[in-house]
Student: 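Before I ask anything, let me first share the structure, which is written out below as structure tokens.
Note that this is a predicted model, so its numbers are computed, not measured.
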Amino acid sequence: IDASFGDVLKNLKIAAMLNAEATNDRWGIISDFQYMKLGLKQDLRGDRFVAFTSKMTIFEAEAFHRWHLGERATFDAFAGIRYWNNRLYA
């Protein structure tokens with residue numbers, strides 16, 4: 001599919017993004033959620049048309065541990081999961 005940024009914005013129905021992070025001195029959790037819905041209805045000849053809807057959902061959750069390596073340096077180790085779902089309805 002070859003679509004410009006303007007075409008995508010014109011057909012954007014809804015978009016949402018949420019990010020949350022909680023930490024203490026050494027432990028933390030991070031969560032991201034993104035959702036997007038695009039829709040297009042294009043008239044063809046006569047009474048014919050083509051229509052589609054595209055939905056994308058992404059969810060990530062991570063936990064991490066931080067080691068302090070001095071006054072100005074840290075090292076973080078992460079582990080987490082990701083859910084990714086793209087659907088196209090015609």
Student: Which atom pair, heavy atoms only, marks the closest approach of Phe64 to Ile29?
Tutor: CE2-N, 4.0 Å
Student: Would Met56 end up clustered with Tyr89 when hydrophobic side chains under 4.5 Å apart are linked, directly or stepwise?
Tutor: no
Student: Taking CZ in Phe78 as the centre, count heavy atoms belonging to other residues, nucleotides or ligands within less than 6.0 Å. Is the count above 12?
Tutor: yes
Student: Measure the spacing between CZ of Phe33 and CE of Met17 and express it to the nearest 0.5 Å.
Tutor: 10.5 Å
Student: Please round to the nearest 0.5 Å and tell me the distance separating atom CD1 of Ile58 and atom CE of Met36.
Tutor: 8.5 Å
Student: Could you report the tightest heavy-atom contact between Asn19 and Ile30, atom names first, then the distance?
Tutor: ND2-CG2, 4.3 Å
Student: Nearest 0.5 Å please: distance from the NZ atom of Lys41 over to the CG atom of Asn11.
Tutor: 13.5 Å
Student: Should Tyr35 and Lys55 be marked as a side chain to side chain contact (heavy atoms under 4.5 Å, CB included) after you check the CA-CA gap, both sets of side-chain angles, and the distance that decides it?
Tutor: CA-CA 7 Å; Tyr35 178 80; Lys55 294 180 182 180; 3.6 Å; yes
Student: Report whether Leu18 and Ile14 are members of the same hydrophobic cluster (ILVMFWY, side-chain heavy atoms less than 4.5 Å apart, transitive linking).
Tutor: yes
Student: Shortest non-hydrogen contact from Leu38 to Lys13?
Tutor: C-CG, 4.2 Å
Student: What about Ile81 and Trp84, same hydrophobic cluster or not, with Ile/Leu/Val/Met/Phe/Trp/Tyr joined at side-chain heavy-atom distances under 4.5 Å?
Tutor: no
Student: Determine whether more than 12 heavy atoms belonging to other residues, nucleotides or ligands lie under 6.0 Å from atom CH2 of Trp67.
Tutor: yes
Student: Atom CZ in Arg87, atom OG in Ser54: separation rounded to 0.5 Å?
Tutor: 11.5 Å
